[in-house]
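Below is one structure, written out as structure tokens, with a few remarks after it.
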Amino acid sequence: MSIYSIGSEGIAVREIQRRLKQWGYYEGEVDGIYGSETADAVRFFQQTNGLSSDGIAGSATLEALGIPSLTTLNDTLLLARLIYGEGRGEPFEGQVAIGAVVLNRVKSPDFPDTIEGVIFQEGAFDAVADGQFDLVPNETAFLAAEAALDGWDPTGGALYYWNPQTATSPWIWQVTITGQIGRHVFGYR
């Protein structure tokens with residue numbers, strides 16, 4: 001497992017900051033840059049939880065924070081970015097449903113077998129094609145991604161979703177609709 005300290009950057013640092021902020025240890029911006037404010041928050045967390053108080057997020061601190069592996073962090077970030085790009089403004093359940101569709105595709109033999117592969121499959125998601133995927137996801141998108149990764153599937157196994165008010169692809173109307181959450185309908189073929 002990696003060690004994170006002042007000068008570290010990336011997905012793991014962002015997750016450290018996000019969790020510390022969520023639990024009231026960190027008040028700064030969740031920007032993925034491990035600066036002195038992050039180190040101070042880590043130190044405060046360590047003191048409160050009986051850990052060696054050095055301001056460095058090593059294996060014991062990461063474990064206490066519940067930080068998963070870097071692969072899981074990357075999957076969470078990718079899913080949160082897609083959820084935010086495709087479903088910001090939708091109800092929380094609808095955002096989880098977007099994540100669930102991605103995970104259902106990963107399990108399906110008809111789609112790529114990784115979250116990254118599904119998200120970046122050509123033509124699969126408008127948010128990837130039009131650049132909305134590159135927006136910075138909010139906390140709700142991360143919580144929705146985590147809920148989907150934890151197994152919540154409000155779609156009942158759907159492989160597709162779309163907004164019937166804006167959908168332009170004729171083939172999507174051949175999909176069997178299984179339900180609607182917010183502005184999106186969900187289904188399979």
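This one's a predicted model, so the numbers in the text were calculated from it and none came from an experiment. Numbering starts at 1 and runs along the sequence shown.
With rounding to the nearest 0.5 angstrom, the CG atom of Leu65 is 8.0 Å from the CG atom of Asn49. Distance check: Lys21 NZ to Glu29 CD gives 8.0 Å after rounding to the nearest 0.5 Å. Going from atom CG of Asp40 over to atom CD1 of Ile6 covers 7.5 Å, rounded to the nearest 0.5 Å. Interatomic distance, CD of Gln22 versus CD of Glu15, reported as 8.5 Å (0.5 Å rounding). With rounding to the nearest 0.5 angstrom, the CG atom of Leu103 is 13.0 Å from the CZ atom of Phe111.
Checked by atom type and distance alone, the side chain of Glu37 never pairs as donor or acceptor with a backbone atom of Tyr26 at under 3.5 Å. Of the possible donor and acceptor atoms, none in the side chain of Gln47 sits under 3.5 Å from a partner among the backbone N and O of Ser53. Asp54 contributes a side-chain N or O that, together with a main-chain N or O of Ile56, makes up a donor-acceptor pair within less than 3.5 Å. Between the side chain of Gln180 and the backbone N or O of Gly182 there is at least one donor-acceptor pair closer than 3.5 Å. Looking only at distances, no side-chain donor or acceptor of Arg105 sits under 3.5 Å from a matching main-chain atom of Val118. Gln17 places a side-chain N or O within 3.5 Å of a backbone atom of Gly32 that can act as its donor or acceptor partner. Asn104 places a side-chain N or O within 3.5 Å of a backbone atom of Ala158 that can act as its donor or acceptor partner. Gln46 places no side-chain N or O within 3.5 Å of a backbone atom of Thr61 that could act as its donor or acceptor partner.
Both Trp23 and Leu62 sit in one connected hydrophobic cluster of ILVMFWY residues. Membership requires side-chain heavy atoms under 4.5 Å apart, directly or through other members. Linking ILVMFWY side-chain heavy atoms closer than 4.5 Å, directly or via other members, places Tyr188 and Val106 in two distinct hydrophobic clusters. In terms of hydrophobic clustering, with Ile, Leu, Val, Met, Phe, Trp and Tyr side chains grouped at heavy-atom distances under 4.5 Å, Leu51 and Tyr34 are assigned to a common cluster. Cluster membership check: Leu149 does not share its hydrophobic cluster with Tyr84, using side-chain heavy-atom separations under 4.5 Å among Ile, Leu, Val, Met, Phe, Trp and Tyr.
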CA sep, side-chain torsions, deciding dist, call: Gln132, Asp130, side chain to side chain donor-acceptor pair (under 3.5 Å): CA-CA 6 Å; Gln132 292 184 71; Asp130 67 17; 2.9 Å; yes
Side chain to side chain contact (heavy atoms under 4.5 Å, CB included) between Thr166 and Asp126, worked out: CA-CA 11 Å; Thr166 61; Asp126 289 340; over 6 Å; no
Worked verdict on Ile83 versus Thr140 for side chain to side chain contact (heavy atoms under 4.5 Å, CB included): CA-CA 9 Å; Ile83 289 168; Thr140 302; over 6 Å; no
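Closest non-hydrogen pair, Val96 versus Pro154, comes out as CG1-CD, 3.8 Å. Considering every non-hydrogen atom in both Arg183 and Arg88, the closest pair reads NH2-O, 4.2 Å. When all heavy atoms of Val102 and Ile119 are compared, the closest pair comes out as CG1-CG1, 4.2 Å. Taking every heavy atom of both residues into account, Asp31 and Ile33 meet most closely at OD1-N, 3.0 Å. In this structure, Val42 and Leu20 approach most closely via the heavy-atom pair CG2-CD1, 3.6 Å. In terms of heavy-atom proximity, Phe133 sits nearest to Leu78 at CE1-O, 3.5 Å.
When the ring pair (Phe, Tyr, Trp, His ring centres under 6.0 Å) test is applied to Phe45, the partners found at least two apart in sequence or on another chain are Tyr25.
Two residues are said to be in side-chain contact when any heavy atoms from C-beta on lie closer than 4.5 Å; Ile181 and Pro91 meet this criterion. Between Tyr161 and Thr155, the closest side-chain pair of non-hydrogen atoms is not below 4.5 Å. Residues Phe142 and Leu77 are in side-chain contact: their nearest non-hydrogen atoms beyond the backbone lie under 4.5 Å apart. Trp162 places a side-chain heavy atom less than 4.5 Å from the side chain of Val185. In this structure the side chain of Leu82 never reaches within 4.5 angstrom of the side chain of Ile115, judged on heavy atoms.
With salt bridges taken as basic N to acidic carboxylate O contacts below 4.0 Å, one links Asp134 and Arg81.
Heavy atoms from other residues, nucleotides or ligands lying under 6.0 Å from CZ of Phe92 number more than 12.
Cluster partners of Val136 are absent, since no Ile, Leu, Val, Met, Phe, Trp or Tyr has side-chain heavy atoms less than 4.5 Å from it.
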Return all side-chain donor-acceptor pairs below 3.5 angstrom for residues 170-177, not counting sequence neighbours, or 'none' if the list is empty.
none

